[in-house]
Amino acid sequence: SFIFNQLQKDLEEVKELLTKATRKRLRDVLMTEKHKLELEIKNQPPPKPKDAAEEEKSSLGGYTVKINNYGWDQSDKFIKIYISLNGVQKLPAENVQVNFTERSFDLLVKNLNGKNYTMTFNNLLKPISVEGSSRKIKTDMVLVMCRKKREEKWECLTQVEKESKEKEKAAYDTSDPSEGLMNLLKKMYAEGDDEMKRTINKAWVESREKQSKGDIPMDI
């Protein structure tokens, strides 16, 4: 690549200067620069063979965009994911590919208005049937149909969503209100700056002192 070639030229020049430099200070500066350049060259990505790079470009045309927006719904048998893509119905059907596994799927839409679109869902909440799952192309939309292995209601789409919901619930929704407050304080402490940590520590010590005083029986 252009950058790689420039670095190589710089390195050659530094080596050339090193052979001529006699002053220690100048040699030290040049040696440092030589090491820096060698490291930069080492960290450059290897150039792709031209034909492979060209082939990849022509098959995928344009650059790839990750899709983050979607809607979803479910019936007894299917999880349905709706992905809006303007003009997708005009593409050849083979340009819209979905690969399913038991707990994931990924969608690739090739060459739509000069761009490719991808979306990946890993760790689906429950297993799906690969054979029973499919995709439908509608006007300005792709509908991904994941066939449920068991006919049951999913509370969310992925395992990660479920875990984060459970964590939130554990932190705030607990039968013991003081425990909920404790979890909230721990969260604030973990995420807070030094000032916040000092404030929480002070409140903690004071409440401990009050508790220990309150625990002492009156007749001692």
Side-chain angles (χ1 to χ4, degrees), residues 1-10 39-168:
S1 73
F2 176 74
I3 297 172
F4 186 80
N5 292 340
Q6 292 302 309
L7 289 170
Q8 286 280 22
K9 282 179 183 167
D10 289 349
L39 196 65
E40 269 190 75
I41 287 167
K42 195 175 156 197
N43 290 333
Q44 280 293 310
K48 261 189 181 176
K50 196 167 189 310
D51 53 347
E54 287 305 309
E55 198 181 307
E56 196 179 293
K57 244 185 204 166
S58 62
S59 72
L60 274 178
Y63 63 94
T64 299
V65 181
K66 272 192 171 169
I67 303 168
N68 294 315
N69 293 334
Y70 62 90
W72 75 285
D73 190 9
Q74 62 184 313
S75 64
D76 290 343
K77 293 181 180 173
F78 287 96
I79 291 288
K80 306 168 191 175
I81 293 106
Y82 302 90
I83 298 129
S84 295
L85 286 167
N86 282 340
V88 70
Q89 72 280 6
K90 295 170 189 163
L91 287 178
E94 66 269 16
N95 281 31
V96 181
Q97 299 165 2
V98 184
N99 289 319
F100 296 96
T101 76
E102 197 176 64
R103 291 299 277 269
S104 76
F105 73 83
D106 59 86
L107 163 74
L108 170 63
V109 178
K110 290 202 280 191
N111 211 357
L112 174 62
N113 305 323
K115 294 176 198 163
N116 310 299
Y117 293 85
T118 64
M119 172 182 251
T120 302
F121 267 94
N122 290 318
N123 299 316
L124 288 169
L125 186 66
K126 297 173 194 286
I128 59 172
S129 155
V130 174
E131 306 76 45
S133 298
S134 61
R135 58 104 180 96
K136 291 180 179 172
I137 300 167
K138 298 178 172 291
T139 306
D140 299 335
M141 182 185 288
V142 176
L143 169 58
V144 178
M145 307 274 289
C146 299
R147 174 71 190 242
K148 296 176 179 177
K149 273 248 167 111
R150 291 174 56 189
E151 294 186 14
E152 57 188 328
K153 192 174 180 348
W154 290 23
E155 70 248 49
C156 51
L157 270 183
T158 63
Q159 197 62 39
V160 177
E161 272 180 76
K162 186 187 178 194
E163 282 166 20
S164 69
K165 272 185 185 174
E166 279 171 0
K167 272 186 195 152
E168 273 177 40

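Quick note: residue numbers are just sequence positions, from 1.
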note = With sequence neighbours left out, the residues meeting side chain to side chain contact (heavy atoms under 4.5 Å, CB included) with S104 are T101, N122
ask   = What pairs with K162 under side chain to side chain contact (heavy atoms under 4.5 Å, CB included), at least two apart in sequence or on another chain?
value = L125, E155, C156, Q159, E166
inquiry  = Keeping S133 on the side-chain end and R147 on the backbone end, is there a donor-acceptor pair under 3.5 Å?
reply    = yes
query = Under 3.5 Å, is there a donor-acceptor pair between the side chain of D140 and the main chain of G87?
reply = yes
Would you indicate whether the side-chain heavy atoms of [Y] and [X] approach each other to under 4.5 Å?
X	Y	result
F78	K148	no
K126	E152	yes
I81	C146	yes

From [atom1] ([X]) to [atom2] ([Y]), nearest 0.5 Å:
X	Y	atom1	atom2	value
L143	W72	CG	CH2	14.0 Å
I41	N5	CD1	CG	10.0 Å
Q97	L108	CD	CG	5.0 Å
L85	K138	CG	NZ	14.5 Å
I79	K153	CD1	NZ	9.0 Å

query = Hey, which of V65, L91, N86 is the one that makes side-chain contact (heavy atoms from CB on, under 4.5 Å) with L112?
reply = L91
task = Would you mind telling me which of R135, M119, M141 makes a side-chain contact (heavy atoms from CB on, under 4.5 Å) with I83?
result = M119
request  = May I ask you to check whether over 12 heavy atoms, not counting those of D73, lie within 6.0 Å of atom CG?
outcome  = yes
ask   = What ring-ring contact (aromatic ring centres under 6.0 Å, His included) pairs are there with at least one residue in residues 129-161, not counting sequence neighbours?
value = none
task = Could you note down all residue pairs passing ring-ring contact (aromatic ring centres under 6.0 Å, His included) where residues 115-147 supplies at least one of them, sequence neighbours left out?
result = Y70-F121, F105-F121
query = Quick one: salt bridge (charged side-chain N to carboxylate O under 4.0 Å, His left out) pairs with a partner in residues 75-85, sequence neighbours left out?
reply = none
message = Show me the pairs that pass salt bridge (charged side-chain N to carboxylate O under 4.0 Å, His left out) and involve residues 85-107, at least two apart or across chains.
response = E102-K149
key: Shortest non-hydrogen contact between N116 and N111, atoms and distance   = OD1-N, 2.9 Å
